[in-house]
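Here is the structure we will look at, set down as structure tokens.
Side chains are part of it too, since the values below use all heavy atoms of this structure and drop only hydrogens, waters and symmetry mates. No experiment lies behind these values; they were computed from the predicted model shown.
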Amino acid sequence: MTVLALTGGVGGAKLALGLAKLLPPGDVVFVVNTGDDFEHLGLHISPDVDTLTYTLAEVANPATGWGRQDETWRFMEALERFGGETWFRLGDADLALHLRRRTLMAEGLGLTATTELIAKSLGVRHPILPMSDDPVRTRVLTPDGPLAFQHYFVRDRCKPTAVGFEFDGAAAARPNPAIPFESLEAVVICPSNPYVSVDPILAVNGMREALAATGAPIVAVSPIVGGRAIKGPTAKMMRELGVPATTTEVARHYAGLASHFVVDEVDAEAAPDVGALGMSTTVAQTVMTSLDDRVQLAKTVVDLIR
Ligand code: FO1
């Protein structure tokens, strides 16, 4: 029986590492958001896939959560001098990953196969499954028109007002065929941004239905603690969408799909409201600063499942 963990971004990757430390490769599989992917400098960049890969390989930059630790930036410095685009920071070692992926894709491999080879080279043994090998692109809808995700998130530093989101290609995208729907013990929705990291995964054609049809418990961990996101623009997006930036609102977002919801200790008083949404509620420390925090939260989630 397999635990399926849905993740995207830096926050989700933290719990993913905890789950990988706790469960052997056969017992947990990671499904990653690819809506953040984009073509840039002639490369196919898949940020959430790479963030999870580096995190599970324990070579991720601990300060940013994305990219690699001990990185060098000669490529960016030289590209800058040539007048190239440097708003999206690509370190020298990270660049090797993107160039390797591009070569493998040119040989006909898809995102899943290239990710498997790259992850294996970094010593990662847990399966990292892009949500789909078909293209899905998140666009952030703003009063001035739609923005490609990385333009919103990195180039414009999340400043534009988000009034909605689109996941171009999701309706035609097929869930990754390697996802073991038929032998799922549980699904864990990691503490990622519900709107731009989890929703794109659920928007892949047939994904939400397939997850619900397994009858397996679905445990979501709140990315909002005490009315703020630990990382990234989740709370800002909620305010701009006109919903309260609260853990209860995140629970409401997952109502109908999640059967269990984990809130942080500072939000313990929200438990009755979350319960009223039809989910069992667990209060735990969800803020992960140390590796032990990551493992402890993973333990809480697995104990909840089992
Ligand atoms: N995020 C930034 O805020 N600035 C960057 O320059 C940046 C570069 C980058 C390079 C590779 C990669 O895998 C991720 C990178 N990210 C950067 C993070 C990325 O934009 C986000 O992690 C996801 O798209 C959303 O979680």
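A donor-acceptor pair shorter than 3.5 Å can be found between the side chains of D92 and T72. Counting only N and O atoms by type, the side chains of D303 and T300 include no donor and acceptor under 3.5 Å apart. Side-chain contact annotation: N33 with S192, donor-acceptor N/O pair under 3.5 Å absent.
In this structure, CG on L52 lies 9.0 Å from CG on L17, to the nearest 0.5 angstrom. In this structure, M207 CE and I179 CD1 are separated by 4.0 Å, a value rounded to the nearest 0.5 Å. Taken to the nearest 0.5 Å, the CG atom of D50 stands 4.5 Å off from the CG atom of L97. Separation of atoms CG (L184) and CG (L211) is listed at 7.0 Å; rounding is to 0.5 Å. Residue T142 holds its OG1 atom at 10.0 Å from CD of E240, rounded to the nearest 0.5 Å. Considering CG of L304 and CZ of F261, their distance stands at 12.0 Å, rounded to 0.5 Å.
Closest non-hydrogen pair, A162 versus V140, comes out as CB-CG1, 3.8 Å. Smallest separation of non-hydrogen atoms from G9 and T51: O-CG2, 4.0 Å. Taking both residues in full, the closest heavy atoms of G91 and W73 are given as N-CZ3, 3.1 Å, listed atom of the first, atom of the second, then distance. When every heavy atom of T2 is checked against every heavy atom of G26, the shortest pair comes out as OG1-O, 3.8 Å.
Considering only heavy atoms from C-beta on, S222 stays 4.5 Å or farther from T286 through its side chain. Residues T7 and D48 are not in side-chain contact: their nearest non-hydrogen atoms beyond the backbone lie 4.5 Å or more apart. Between Q296 and Q285, every side-chain heavy-atom pair lies at or beyond the 4.5 Å cut-off. Side-chain contact between R137 and E39 is present, with at least one heavy-atom pair separated by less than 4.5 Å. Contact of the I45 side chain with the H98 side chain is registered, since non-hydrogen atoms from C-beta on lie closer than 4.5 Å. Contact annotation: the side chain of P233 approaches that of N193 to within less than 4.5 Å [non-hydrogen atoms, C-beta and beyond]. Using a 4.5 Å heavy-atom cutoff, the side chains of L141 and P146 are in contact. T282 is not listed as a side-chain neighbour of H260, based on a closest heavy-atom distance of 4.5 Å or more.
In this structure, the side chain of N61 engages the main chain of T64 through a donor-acceptor pair within 3.5 Å. Under a 3.5 Å cut-off, the side chain of K236 and the backbone N or O of K159 do form a donor-acceptor pair. One N or O on the side chain of D267 and one on the backbone of G226 form a donor-acceptor pair closer than 3.5 Å. Remark: side-chain polar atoms of H126 are paired, donor with acceptor, to backbone N or O of L23 under 3.5 angstrom. Judged by distance alone, the side chain of R228 and the main-chain N or O of I224 form no donor-acceptor pair under 3.5 Å. Side-chain N or O atoms of R294 include one that pairs as donor or acceptor with a backbone N or O of T289 at under 3.5 Å. Of the possible donor and acceptor atoms, none in the side chain of E80 sits under 3.5 Å from a partner among the backbone N and O of T86. A donor-acceptor pair under 3.5 Å is absent between the side-chain atoms of T112 and the main chain of L129, judged by distance alone. Without hydrogens or angle criteria, Q69 side chain to P62 main chain gives no donor-acceptor distance under 3.5 Å. Checked by atom type and distance alone, the side chain of K231 never pairs as donor or acceptor with a backbone atom of P223 at under 3.5 Å.
Of the candidates I305, L6, L4, V188 forms a side chain to side chain contact (heavy atoms under 4.5 Å, CB included) with just one, namely I305.
Hydrophobic clustering places F153 together with W87 (ILVMFWY residues linked when any side-chain heavy atoms are closer than 4.5 Å, directly or through intermediates). At a threshold of 4.5 Å between side-chain heavy atoms, the hydrophobic network of Ile, Leu, Val, Met, Phe, Trp and Tyr places V295 and F30 in one connected group. Transitive grouping of hydrophobic side chains (ILVMFWY, heavy atoms separated by less than 4.5 Å) brings L202 and V29 into a common cluster. In terms of hydrophobic clustering, with Ile, Leu, Val, Met, Phe, Trp and Tyr side chains grouped at heavy-atom distances under 4.5 Å, Y152 and F165 are assigned to a common cluster. Residues V198 and V243 are members of one and the same hydrophobic cluster, defined by side-chain heavy-atom contacts under 4.5 angstrom among Ile, Leu, Val, Met, Phe, Trp and Tyr.
Summarising the local packing, CZ of R102 is surrounded by 12 or fewer heavy atoms from other residues, nucleotides or ligands at distances under 6.0 Å. Enclosure of atom CZ in R89 by more than 12 non-hydrogen atoms of other residues, nucleotides or ligands within 6.0 angstrom is indicated. In this structure, E116 places its CD atom where only 12 or fewer heavy-atom neighbours from other residues, nucleotides or ligands lie under 6.0 Å away.
Ring geometry for H40 against F88 counts as perpendicular: the plane angle is over 60°, on a 0 to 90° scale with 30° as the lower cut.
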Stepwise side chain to side chain contact (heavy atoms under 4.5 Å, CB included) check, V302 with L19: CA-CA 8 Å; V302 170; L19 288 165; 4.0 Å; yes
Hey, mind stepping through E249 and M238 against side chain to side chain contact (heavy atoms under 4.5 Å, CB included) and telling me if it holds? CA-CA 9 Å; E249 187 57 36; M238 294 175 89; 3.5 Å; yes
Could you check L111 against D37 for side chain to side chain contact (heavy atoms under 4.5 Å, CB included), going step by step and ending with a plain yes or no? CA-CA 11 Å; L111 189 56; D37 292 15; 3.5 Å; yes
Please assess D264 against T247 for the test side chain to side chain contact (heavy atoms under 4.5 Å, CB included), listing each intermediate value before the final yes or no. CA-CA 9 Å; D264 189 81; T247 193; over 6 Å; no
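Between E58 and K21 there is a salt bridge, since at least one side-chain N of the basic residue sits less than 4.0 Å from a carboxylate O of the acidic one. Under the 4.0 Å criterion applied to side-chain N and carboxylate O atoms, R174 and D134 are assigned as salt-bridge partners.
Note: H253 and Y195 meet the aromatic proximity criterion, with ring centroids under 6.0 Å apart.
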